[in-house]
Every structure is written in structure tokens, then in C-alpha cells.
Amino acid sequence: MQIIRYKSSSGVALGMALNSQLIGYFQPNSELHNLLRLRTDELRMQIENSFQPGAANNLPTLILAPIDGETEVWAAGVTYKQSEQARMEESGTPDIYAKVYAAKRPELFFKATRRRVAGPDAPIVVRTDSTWDVPEPELVLVVNAHAEIIGYTIGNDVSSRSIEGENPLYLPQAKIYAGCCGLGPGITPAWEVSDPYNLTIHLAIERNGQVYWEGETSTRELKRRFDELVTYLFLENDFPDGVFLCTGTALVPERQFTLEPGDVVQIDVDQLGTLRNLVVRGKVKLGQGVS
């Protein structure tokens, strides 16, 4: 079961989906960030009260990114060995990334606000001033205002390797811009995922209708524990509307690969579904979209 945001005839709505069916509804005008203000037991009660036995309907056509209000997206870097090696390869200062991988303190950085986030089938952006761009498929923690992991979703931390590789201080420009992040399709409650450290992540990049690059990894390869990442994120920060925390990637295409406009990036994660996005170049290609 997943909590989803979707476009309805009356506006944006919140519901619960299972096996391509809509099986429950939250109150009209409910907003996701209000659910992220609840403690885990309160959220479970809300979900149970919203379930409508025998009331399944077809899934809405337009599923939106599972983020609203002032909820933020953050990310952790160099949490897999493969990511450490890739960052060292691209950088003129490779020892920095080796130190991050081995350090007690994880690398955490701000990634996006809701207006920079693409939902399922919406476009993601590569920068016009970048020459080397990659998707970064990641398991994403959904954390409430009380620093409790209440669920999981799929994320794409789209990145400019050319900009970050030029100088680590350029990380915000490599990571934070319009259309820089994909999230979705929904939020799977944490209590429905038996072992989040044993999830397969598969990435496929389609070009001209064919699979151009693909790879697979598992969250078993993570160096950092989720509670460790959340603890550091909340040390001197608060998130009244909750926060999404991308946990890092181990799927890094070879150096000669770069995303091109028209590519389609598909990320599949066990128990979480599929996130699929079209690649465009530059913010002017985003269009108006749906918030």
C-alpha cells in the first residue's frame, strides 16, 4: 500500500493505492505535510481510518510527486563504495571523497523544495551549463517532524558531474536547480517494508526507444545506517513539515555516459514501485506542470 498525491476533478487529493487500485481516501483538502507532522502511531491510525473496504477504484491518471507544503528534500552522499570511487574519478581533489566515505559524520546536503521536484512521468532537467550529467537512483527515507522514519519512496538525485568534479564547492550548483529531483510514485509506510536494507534498486536509461544503459544494486551495500543519517540531519535542524532524505547511490554510469534530452530514466525498487521520468535540457523546457 502507498500514500499517493493525485490530480482529481476537484483539485489535488490524497489517497491510498494498492495493486493499481485506489483503496482509500483522506479527507478532502488533506495535505501530505500535515500527515508528516504526526507521530508514527497517529499516522497509522489515520491510514486505518481512511481505508474503505470494497471501495476500490481505478488508479488516477495523473499521480503527483509525494511532496507539498514546506517539506524539504535532503540527500546523503558517498554512502556506497561505488559512489566513493565515482566521485574520486570525476574530481580533481579525490582524497576529499575518500575521507567522507570513512568519516564518522556523513555528508548531508540540501537538495530541493517541492517546486523543484518532478513526480512520475514528469520531466527532470539537466543543466544547460553542464557537459556531464547522470541520474542517481536512490532509496528515499520519508521522515516526520519527530525524526521518525514513517515510510520510503524512490528518488532521482539528478546531478552534474562536470560541475561538481570541477570543484567540490560547486556542489549546490551541481545538485540544486529547477527540475533537479524526481520523487515517487508514492510513500510506502515503513511498517510494510520488512527489511529496508535488502531492497533491489534497478536503473534503466532508454534512448531512442532502446535500453541504452542499465544496472542494479541493493541497499545491502549501504555503508551508513538510516537512523544514523536521520540523527545527524536533525542534530541542529528541525522539519515541521517533515523531510525526504535520499540515501545515496551505487549506480553510476561510466565516464563516457551523459544524459541527453529525450532520454527516459526508469528506477525500480522492490516493494516501492517504479519512477519514470523524461529528460529535458534547461529550465525553459519544464513548462508549467502541476504543483
Side-chain angles (χ1 to χ4, degrees), residues 1-36 38 43-69 71 73 112 114-115 117-124 135 137-142 150-156 179 181-194 196 199-204 206 209 242 244 246 264-279 286-291:
M1 188 274 293
Q2 290 190 331
I3 302 169
I4 61 169
R5 290 178 72 238
Y6 62 95
K7 186 70 174 175
S8 72
S9 58
S10 58
V12 176
L14 275 184
M16 297 184 299
L18 178 67
N19 298 328
S20 299
Q21 294 284 307
L22 196 61
I23 61 169
Y25 312 88
F26 292 89
Q27 292 293 324
N29 302 317
S30 293
E31 295 185 291
L32 185 57
H33 66 274
N34 288 326
L35 297 184
L36 297 182
L38 304 175
L43 176 61
R44 292 191 72 162
M45 186 177 300
Q46 280 256 16
I47 290 175
E48 290 169 3
N49 291 339
S50 299
F51 177 64
Q52 313 247 335
N57 293 303
N58 291 332
L59 207 59
T61 303
L62 184 54
I63 307 297
L64 306 174
I67 182 171
D68 62 16
T71 306
V73 183
R114 68 166 180 164
R115 66 183 178 83
V117 175
D121 300 313
I124 51 174
E138 308 190 12
L139 175 69
V140 180
L141 311 179
V142 185
I150 60 90
Y152 305 96
T153 191
I154 302 171
N156 188 347
C181 179
L183 287 179
I187 297 171
T188 301
W191 54 88
E192 295 203 352
V193 178
S194 57
L199 299 177
T200 298
I201 302 174
H202 184 266
L203 169 66
E206 299 174 14
F244 290 81
C246 304
V264 175
V265 179
Q266 179 168 313
I267 305 169
D268 298 280
V269 180
D270 289 345
Q271 303 178 54
L272 306 185
T274 298
L275 177 64
R276 188 175 171 89
N277 299 100
L278 173 71
V279 177
L286 276 176
Q288 296 302 310
V290 180
S291 64

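For the numbers below, each heavy atom of this structure counts, side chains included, while hydrogens, waters and symmetry mates do not.
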Could you check if a side-chain atom of [X] sits within less than 4.5 angstrom of a side-chain atom of [Y], using non-hydrogen atoms only?
{"X": "Y152", "Y": "L141", "value": "yes"}
{"X": "L32", "Y": "I187", "value": "yes"}
{"X": "V12", "Y": "D68", "value": "no"}
{"X": "V73", "Y": "V140", "value": "no"}

List the atom of [X], the atom of [Y], and the distance in Å for their closest heavy-atom pair.
{"X": "F26", "Y": "M16", "value": "CE1-CG, 3.8 Å"}
{"X": "L38", "Y": "Q46", "value": "CD1-CG, 3.7 Å"}
{"X": "A65", "Y": "P120", "value": "N-CD, 4.2 Å"}
{"X": "A122", "Y": "A118", "value": "CB-CB, 4.0 Å"}
{"X": "L286", "Y": "P123", "value": "CD2-O, 3.8 Å"}

Would you compute the distance between atom [atom1] of [X] and atom [atom2] of [Y] and round it to the nearest 0.5 angstrom?
{"X": "R114", "Y": "L183", "atom1": "CZ", "atom2": "CG", "answer": "13.5 Å"}
{"X": "L14", "Y": "N29", "atom1": "CG", "atom2": "CG", "answer": "10.0 Å"}
{"X": "T188", "Y": "L199", "atom1": "OG1", "atom2": "CG", "answer": "9.5 Å"}
{"X": "L275", "Y": "I154", "atom1": "CG", "atom2": "CD1", "answer": "6.0 Å"}
{"X": "I23", "Y": "N57", "atom1": "CD1", "atom2": "CG", "answer": "11.0 Å"}
{"X": "L272", "Y": "L139", "atom1": "CG", "atom2": "CG", "answer": "6.0 Å"}

Side chain to side chain contact (heavy atoms under 4.5 Å, CB included) with [X]: which residues, sequence neighbours excluded?
{"X": "P137", "value": "I201, L203, T249, L251, I267"}
{"X": "P60", "value": "I4, Y6, L22, I63"}
{"X": "P189", "value": "M1, I47, W191, E192"}
{"X": "N34", "value": "E31, R37"}

Among residues at least two apart in sequence or on other chains, which ones pass side chain to side chain donor-acceptor pair (under 3.5 Å) with [X]?
{"X": "E138", "value": "none"}
{"X": "Q266", "value": "D268, R276"}
{"X": "D270", "value": "T200"}

Is R5 reaching over with its side chain to a backbone N or O of I67, donor-acceptor style, under 3.5 angstrom? yes
Would a distance-only check, ignoring hydrogens and angles, find a side-chain to backbone donor-acceptor pair under 3.5 Å from T153 to G186? yes
Counting heavy atoms not belonging to Q271, are there more than 12 under 6.0 Å from its CD?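 Result for CD/Q271: enclosed.
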Quick test of your reading: applying side chain to side chain donor-acceptor pair (under 3.5 Å), list the pairs with at least one residue in residues 10-20, sequence neighbours left out, ordered by first then second residue. S8-S10
Given L35, L36, T71, the one that forms side chain to side chain contact (heavy atoms under 4.5 Å, CB included) with V142: L36
